[in-house]
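Input: a single structure, listed below in structure tokens.
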There are 2 protein chains.
Amino acid sequence: MSELIDANTSKEALSKREQQKENKRLALLDAALAVFSRVGFAAAKMDDVAHEAGVSKGTVYLYFDSKETLFKEMVRAKMTPMLTDVAEVLGHPDMSATERLKAHLKFFYKKVLNSDRRQIMRLIMAEGPNFPDLAEFYHANILNRGQAMIGAIIQQGVASGEFRQMEGHGLAQNIAAGALVAGIWKLVFDRFQPIDLDTYFDTHVDLILNGLKA
Amino acid sequence: MSELIDANTSKEALSKREQQKENKRLALLDAALAVFSRVGFAAAKMDDVAHEAGVSKGTVYLYFDSKETLFKEMVRAKMTPMLTDVAEVLGHPDMSATERLKAHLKFFYKKVLNSDRRQIMRLIMAEGPNFPDLAEFYHANILNRGQAMIGAIIQQGVASGEFRQMEGHGLAQNIAAGALVAGIWKLVFDRFQPIDLDTYFDTHVDLILNGLKA
DNA sequence: AATAAATGACTGACTGGTCAGTTATAATAT
DNA sequence: ATATTATAACTGACCAGTCAGTCATTTATT
């Protein structure tokens, strides 16, 4: 657990060992995502995670203190890369609010719903009450930012006359809700009634933009 | 509280024994809902369910074959009474589509989001992938009906000129999505950012009705 | 360069505890 | 009396977490 003090300012390349260690860590996080997604936190076996990462169970404990730590770090590790990407959506200040909102939602569909991350979304809903600090992390880092962005877009739209003025308790949540439900549906009910994310997205955007229109 | 499709239409009152047995069964279902809601399926202990129902663990097995059976029967028992109630919403054929949709959503907020049932909603999302037959039951009995009703209302609205014609892949889901998200939010993130269901409902309805307006 | 010593990653059998489900026994209603 | 309902001790499987020992890689010595 003690590194941080960078003794390796000398050379760029990681030693063979360090590479392997890093790879193993990533493999373990991938395996954790797979196993936790499949059966949930409580039913997940550390043995399965280990096996899926091509490693023995003892090894998992060289990388993570406990099952709970593994779970939390996995969620954090899989979610944080998204945070940096968000900037890309805000990158075009010449867009109309309408276009921007559409782009924002598109981003969510693409980065979350069409990837492993939708499993994490479900895990947060399923396990959130049992892991308050994880729920808080998710709220503070993902949901809050999403809300703030939507809020800013709405403001722009109202200012430009594209959108009507709305009293907004839960407005952001309502705007994003369709996307969340699409993700859940895909994971839970798709086998009984499949949905196509692309056309679903069109319906979603159509409904919301019309709802906001001045 | 009050449910159970009554098999006992017999004129005679139940014997003391039968009453007690029935009460115990209901107490067990209530306890099961409480415990499963609190910790999820895998982490729930039959001992806790028994204790919460004021009974010993062995007794639980006199009423339910297994933990899994208990879980499934609980979900069914808690959900089915809603099905009969649904008629009440359709009961007024003189309503406009707008009023009807509003009433329908209100019904959902009241009957699901403001009751224990929102926990079940979350449980379905959390455990659904592990209990395909339960997910199917929920889909067939709750979601399908909800969709059908929304679909009918939309049709009425289009016919009457209240709503515009929309290509509807996922339209029903998008209309209901706000309510689902409200339920989830209340259970997972309310402690970090509380929402008020009444004003949230107003926003939801406002946004959706405007989105549908011709 | 070759060999030895040191390091640190990895393993898997083991433990201690938990918990679903069973059963022998007791209590209670009819 | 006897059939039904309840109990609580019990069993056996299961699994998170540990640890003594093995193996692979790196560093030091010659």
Side-chain angles (χ1 to χ4, degrees), chain A residues 1-8 10-32 34-36 38-74 127 130-131, chain B residues 8 10 12-32 34-36 38-74 127 130-131:
Chain A
M1 299 300 144
S2 56
E3 11 48 67
L4 279 197
I5 308 150
D6 54 68
N8 55 342
S10 52
K11 295 208 173 117
E12 289 295 313
L14 296 166
S15 72
K16 191 172 176 184
R17 254 190 193 166
E18 285 165 323
Q19 281 174 30
Q20 284 178 339
K21 189 158 191 186
E22 190 52 32
N23 288 342
K24 210 129 267 185
R25 191 187 151 82
L26 294 177
L28 281 167
L29 290 172
D30 283 345
V35 174
F36 286 128
R38 210 179 296 135
V39 298
F41 177 80
K45 297 177 220 172
M46 293 298 265
D47 237 340
D48 288 349
V49 174
H51 193 256
E52 189 134 340
V55 136
S56 76
K57 188 164 70 148
T59 304
V60 183
Y61 287 89
L62 298 175
Y63 289 80
F64 303 96
D65 283 354
S66 67
K67 191 181 179 182
E68 192 169 327
T69 302
L70 173 61
F71 181 64
K72 291 181 185 173
E73 290 205 23
M74 181 275 285
E127 315 285 356
N130 303 105
F131 297 92
Chain B
N8 53 328
S10 60
E12 289 307 315
L14 296 167
S15 71
K16 190 172 178 185
R17 236 181 207 174
E18 285 165 324
Q19 281 172 29
Q20 284 178 340
K21 190 159 190 185
E22 191 50 33
N23 288 340
K24 209 129 268 187
R25 193 188 148 80
L26 295 177
L28 281 167
L29 290 172
D30 283 345
V35 174
F36 286 130
R38 211 178 296 134
V39 299
F41 178 80
K45 297 176 219 173
M46 293 298 265
D47 238 338
D48 288 348
V49 175
H51 193 257
E52 189 134 340
V55 135
S56 75
K57 187 167 71 149
T59 303
V60 182
Y61 286 89
L62 299 175
Y63 290 80
F64 304 95
D65 283 353
S66 67
K67 189 180 177 182
E68 192 169 326
T69 302
L70 173 60
F71 181 65
K72 290 180 184 172
E73 290 205 23
M74 181 275 287
E127 315 284 356
N130 303 105
F131 297 94

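The figures that follow rest on heavy atoms only: side chains count, while hydrogens, waters and symmetry mates do not. Not measured: the values here are computed from a predicted model. Here is how names work: the chains are called A, B, and so on, in the same order as the sequence lines, proteins then strands, and each is numbered from 1.
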In whole angstroms, how far is the [atom2] atom of [N] from the [atom1] atom of [X]?
X     : N      : atom1 : atom2 : answer
B:H51 : D:dT7  : NE2   : P     : 11 Å
A:L62 : C:dT7  : CG    : C1'   : 14 Å
B:K21 : C:dT30 : NZ    : P     : 13 Å
B:K24 : D:dT7  : NZ    : C1'   : 11 Å

Sorted by first residue and then second, give each salt bridge (charged side-chain N to carboxylate O under 4.0 Å, His left out) pair with at least one member in residues 53-63 of chain A; sequence neighbours left out. none
Under 3.5 Å, which donor-acceptor pairs link side chains of residues 42-51 of chain B to any protein atom two or more places apart or in another chain?
none

Side chain to side chain contact (heavy atoms under 4.5 Å, CB included) filter on B:S56, not counting sequence neighbours, yields B:T59
Just so I know, are the side chains of A:M74 and A:F64 near enough to count as touching, which here means a heavy-atom distance under 4.5 Å?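 No, their side chains stay 4.5 Å or more apart.
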Looking at residues at least two apart in the chain, or sitting in another chain, which of them share a salt bridge (charged side-chain N to carboxylate O under 4.0 Å, His left out) with A:E73?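 Partners of A:E73 by the salt bridge (charged side-chain N to carboxylate O under 4.0 Å, His left out) criterion, ordered by chain and then number, come out as A:R25.
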Under 4.0 Å between a side-chain N/O of A:Y63 and OP1 or OP2 of C:dC10, yes or no? yes
Do any side-chain nitrogens or oxygens of B:S56 fall under 4.0 Å of OP1 or OP2 in D:dT7?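 Checking D:dT7 against B:S56, a side-chain N or O does come within under 4.0 Å of OP1 or OP2.
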Can you name the residues that form a side chain to side chain donor-acceptor pair (under 3.5 Å) with B:E52, not counting sequence neighbours? B:R38
Classify every nucleotide of nucleotides 15-25 of chain C by which part a protein heavy atom approaches to under 4.0 Å, writing B for the base, S for the sugar-phosphate alone and - for neither, in 5'-to-3' order. ----SBBB---
